[in-house]
Amino acid sequence: MIDSPKRQDGYPEETIEQGFQAIEARRVPLPNGYRQGVISAITVLLGFSLLFLRYWNFEADGGWTAASILATLLLALAIVLQLVALWRSLLPRDDDEPVYQVTLRWFLASIIALLAGVLLAGLTASHVFNL
């Protein structure tokens with residue numbers, strides 16, 4: 001009787017092959033164009049965020065208040081979250097649907113932080129908050 005070939009770690013080759021097949025079976029690739037679309041969306045929002053932050057910090061009239069500092073921190077948080085989402089979207093493993101969904105959650109968090117920062121900046125500039 002001939003035993004199946006074993007690797008140095010003691011596992012037969014068949015077991016390793018079955019493991020790779022199971023991983024490959026769970027892989028769900030994205031449809032064409034999804035990654036490119038989210039990368040474009042992230043870069044557009046990132047460009048807006050950077051320009052708005054530059055305007056808000058260096059060109060807007062008025063002094064610093066607690067509300068304007070909070071708006072700046074929210075904008076900075078949104079930029080960091082967008083950079084993380086952009087980095088994740090450029091990784092090859094982001095072509096799998098479960099990983100892509102996590103990237104979209106990072107992007108959604110950045111959108112929420114950006115909207116909160118821009119809203120607070122607008123309310124501060126219109127003197128709704130006198131903090």
Side-chain angles (χ1 to χ4, degrees):
M1 186 186 279
I2 299 175
D3 290 331
S4 62
K6 292 191 177 190
R7 296 175 9 151
Q8 291 179 351
D9 57 7
Y11 291 106
E13 290 291 327
E14 297 162 351
T15 306
I16 303 299
E17 294 271 335
Q18 290 170 353
F20 285 134
Q21 289 172 355
I23 290 170
E24 195 63 32
R26 286 186 298 202
R27 185 175 183 275
V28 180
L30 294 175
N32 291 333
Y34 273 63
R35 284 184 68 191
Q36 294 84 351
V38 79
I39 289 170
S40 297
I42 292 170
T43 54
V44 167
L45 273 183
L46 183 60
F48 168 79
S49 301
L50 290 170
L51 288 174
F52 187 83
L53 187 65
R54 183 195 73 167
Y55 169 76
W56 180 249
N57 286 330
F58 301 115
E59 298 174 13
D61 294 333
W64 286 96
T65 63
S68 65
I69 291 171
L70 181 59
T72 300
L73 291 175
L74 283 170
L75 292 170
L77 174 66
I79 290 170
V80 169
L81 292 172
Q82 289 165 9
L83 288 172
V84 169
L86 182 60
W87 173 255
R88 288 182 56 85
S89 67
L90 292 173
L91 294 174
R93 68 176 184 217
D94 199 56
D95 197 32
D96 292 336
E97 189 175 327
V99 178
Y100 177 77
Q101 288 176 350
V102 173
T103 301
L104 289 181
R105 287 188 201 115
W106 279 94
F107 186 45
L108 178 63
S110 75
I111 291 171
I112 292 169
L114 177 65
L115 287 176
V118 169
L119 180 65
L120 186 57
L123 292 174
T124 303
S126 64
H127 303 291
V128 172
F129 297 123
N130 290 325
L131 302 175

**Report entry** salt bridge (Lys or Arg N to Asp or Glu O under 4.0 Å) involving Arg54 - partner list, sequence neighbours excluded
**Finding:** Glu59
Query raised in the report: Which pair of non-hydrogen atoms, one from Ile42 and one from Ser89, has the smallest distance, and what is that distance?
Result: CD1-OG, 4.1 Å
Enumerate donor-acceptor pairs with a distance under 3.5 Å from any side-chain N or O in residues 69-88 to protein atoms, sequence neighbours excluded.
from  : atom 1 : to     : atom 2 : distance (Å)
Thr72 : OG1    : Trp56  : NE1    : 3.2
Thr72 : OG1    : Asn57  : OD1    : 3.2
Thr72 : OG1    : Ser68  : O      : 2.9
Gln82 : OE1    : Leu46  : N      : 3.4
Gln82 : OE1    : Ser49  : OG     : 3.2
Gln82 : NE2    : Ser49  : OG     : 3.1
Arg88 : NE     : Thr103 : OG1    : 3.2
Arg88 : NH2    : Val99  : O      : 3.4

Query raised in the report: Per the side chain to side chain contact (heavy atoms under 4.5 Å, CB included) rule, which among Ile112, Val118, Ile111 passes with Leu114?
Result: Val118
Report task. Please round to the nearest 0.5 Å and tell me the distance separating atom CD of Gln101 and atom CG of Leu108. Result -> 12.5 Å
Requested in this report: Could you tell me which residues satisfy ring-ring contact (aromatic ring centres under 6.0 Å, His included) with Phe107, sequence neighbours excluded, listed by chain and number?
Outcome: none
Report task. First locate atom CG of Leu91, then atom CG of Asp96, and finally report the distance between them rounded to the nearest 0.5 Å. Result -> 11.5 Å
Query - Apart from Val44 itself, residues in the same hydrophobic cluster as defined by side-chain heavy atoms under 4.5 Å - result: none
Query - Test ring-ring contact (aromatic ring centres under 6.0 Å, His included) applied to Phe48 - qualifying residues, sequence neighbours left out - result: Phe52
